[in-house]
Protein chains: 2
Amino acid sequence: MYLRALTGLADDGTTTCSSEELAAAAGVNSAKLRKDLSHLGSYGTRGVGYDVEYLRYQIAREIGVTQDWPVVIVGIGNLGHALANYSGFRSRGFRVVALLDADPRRHTEVVAGLEVRSFDDLESIVAEHDVSIGVIATPAVAAQDVADRMVASGVTSILNFAPTVLSVPDGVDVRKVDLSIELQILAYHEQRKAVAPGSEVVS
Amino acid sequence: MYLRALTGLADDGTTTCSSEELAAAAGVNSAKLRKDLSHLGSYGTRGVGYDVEYLRYQIAREIGVTQDWPVVIVGIGNLGHALANYSGFRSRGFRVVALLDADPRRHTEVVAGLEVRSFDDLESIVAEHDVSIGVIATPAVAAQDVADRMVASGVTSILNFAPTVLSVPDGVDVRKVDLSIELQILAYHEQRKAVAPGSEVVS
DNA sequence: GACGTTTTGTTCTCCCGTTCACAAACTCCT
DNA sequence: AGGAGTTTGTGAACGGGAGAACAAAACGTC
Ligand SMILES: NC(=O)c1ccc[n+]([C@@H]2O[C@H](COP(=O)([O-])OP(=O)(O)OC[C@H]3O[C@@H](n4cnc5c(N)ncnc54)[C@H](O)[C@@H]3O)[C@@H](O)[C@H]2O)c1
Ligand SMILES: NC(=O)c1ccc[n+]([C@@H]2O[C@H](COP(=O)([O-])OP(=O)(O)OC[C@H]3O[C@@H](n4cnc5c(N)ncnc54)[C@H](O)[C@@H]3O)[C@@H](O)[C@H]2O)c1
């Protein structure tokens, strides 16, 4: 979040910022921001603030997005198309190297300059591009199988959009994005507003 | 998450389950699950477990998804199309009532049985369908404006896909989904694996 | 060079979510 | 009916994140 906020500030031509300003841009408390940054090192100057470009680089380096990470997307349906076409990944340190789908009818398609390839090509693509991050955008029933194949072929980080719990071996990281749950959380608070007006805010 | 897990169990024909089983299906610790459920009431039977259908209804009622919530989606680009076409929202308590876009060229389109309408129709649509939940899938620069218009027209919960911090008045809830940040979190752990192998797992 | 101002880095405290562990409650079998 | 075996609900301990507050450091001014 801080990286995103710093990029925004840099685009506006800001060269220096205080913890207060950056915290506002990132939507957090300034004390929390300073504590978070202090874990990376002492990159600010007391009485002055932080150098935007310098701090941006330091955070990018710490996260590991100074070079591009190759990524494969599996499941080029509605969501897969949107992800493949999204330009924001490229500018934030990721490069989509392959789009895979089990449905042969998809294999004639070209999305965002990449041809959709057979899911069977997974192993060779992962090996060739040294891919460690995979994105799953298949239906829920297929997700575990896809994850297993990914892990077997060498992927060690998975971003899962399918509404299922994936089980993976130790050492493999999974993050899930479940949009229905996000909406349900909003609905819950919405319902409570109707019953007891005021007082509730989402973190 | 529990609701999703319970629906899965119900689909499999399971009528009763223990906290251990449900916790496994939801991917959490069983003690946590029991404590969470205890906040809703005492819906289990000691020595037996939980009745799947009964508990499912109780959770749905607590969340407020026993009836459908009307939802508007603003910004029918790559992501907006995917969201509009997603059938999972419908089955989880949400009904997309309108698709809005500022670009007049989009207004001839019909997506998932709904015509894409002008953003200026927001107020009338929100009033007509009593919409309280809005989804923002526009570019980041437009997101704050869209949010302001939503709030002004009566929306009190926003799901934001644009990589920006939205500022909204008290009483309005915002949840954000930032896919680049999800990938960056994976990249961070990935980088650390390369440096110090083993030992790290994402929550 | 000393002093006031600004802003970071850090400590301390508070609070909340997570987990363990166990008593209470229920079922089943004899 | 009683006892063995399960499984829930919850009290207690633990851990960690969030914010308030302050000392240390840099800068500008006289
Ligand atoms: N579309 C959305 O906005 C949205 C929102 C929330 C969650 N999701 C979830 O994301 C996932 C994808 O959604 P979608 O709308 O794009 O679905 P979709 O049906 O449009 O696309 C799924 C694609 O996956 C492919 N596929 C199926 N099995 C496969 C396998 N074993 N290996 C490789 N590819 C396989 C299919 O051929 C298809 O092209 C689903 O799990 C859905 O629940 C989607
Ligand atoms: N596509 C993805 O997979 C993806 C992934 C992560 C984040 N996002 C974010 O989601 C948002 C949408 O992404 P996208 O790829 O769909 O972009 P897009 O450019 O394809 O679509 C944006 C749509 O919003 C419309 N729009 C612009 N200004 C508007 C306004 N003021 N009011 C109403 N509509 C307006 C445009 O006409 C366009 O149709 C972006 O903020 C992007 O950063 C997208």
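Here the structure is a predicted model, which is why all the values come from computation and not from measurement. Values below: every heavy atom of this structure, side chains too, minus hydrogens, waters and symmetry copies.
- In the model, B/Tyr188 has a side-chain atom that pairs as donor or acceptor with a side-chain atom of B/Arg192 under 3.5 Å.
- A straight line from OH of B/Tyr43 to P of D/dT8 spans 16 Å, rounded to a whole angstrom.
- Between D/dA12, D/dT8, C/dT8, one nucleotide has an atom nearer to the side chain of B/Tyr50 than all others, and that is D/dT8.
- With the nearest nucleotide of DNA chain C identified for both B/Asn29 and B/Gly47, B/Asn29 has the one nearer the 5' end.
- The pair A/Asp51-A/Arg56 fails the salt-bridge criterion, with no side-chain N (NZ, NE, NH1 or NH2) lying under 4.0 Å from an Asp/Glu carboxylate O.
- Counting to the nearest Å, the C1' atom of D/dC22 and the CZ atom of A/Arg34 are 11 Å from each other.
- Here C/dT8 presents its C1' atom at 15 Å from OH of A/Tyr2, a figure rounded to the nearest Å.
- For D/dT8, the OP1/OP2 oxygens have a side-chain nitrogen or oxygen of B/Ser19 closer than 4.0 Å.
- The only option from A/Arg34, A/Lys32, A/His39 that meets the side chain to side chain donor-acceptor pair (under 3.5 Å) definition with A/Asp36 turns out to be A/Lys32.
- Comparing C/dT19, D/dC27, D/dA18 by their closest approach to the side chain of A/Lys35 singles out D/dA18.
- One interatomic measurement links the two molecules: CG of A/Leu40 to C1' of C/dG9, which rounds to 13 Å at whole-angstrom precision.
- B/Glu123 has a carboxylate O that lies under 4.0 Å from a charged side-chain N of B/Arg149, or vice versa, which qualifies the two as a salt bridge.
- Distance CZ (B/Arg46) to P (C/dC28): 17 Å, rounded to an integer number of Å.
- Between A/His39 atom NE2 and C/dT8 atom C1' there is a gap of 14 Å when expressed in whole angstrom units.
- Distance, A/Glu20 CD to C/dT6 P: 13 Å, rounded to whole Å.
- Contact annotation: A/Lys32 does not reach the phosphate of D/dG19 (side-chain N/O to OP1 or OP2, under 4.0 Å).
- Picking from D/dA20, C/dT19, C/dT8 the nucleotide with the shortest atom distance to the side chain of A/Ala31 gives D/dA20.
- Across the protein-nucleic acid pair, A/Leu33 atom CG and C/dT8 atom P stand 9 Å apart, rounded to whole Å.
- Here B/Thr45 does not reach the OP1 or OP2 of C/dC26: none of its side-chain N or O atoms lies under 4.0 Å away.
- Residues A/Thr15 and A/Glu53 bring no donor and acceptor atom of their side chains to less than 3.5 Å of each other.
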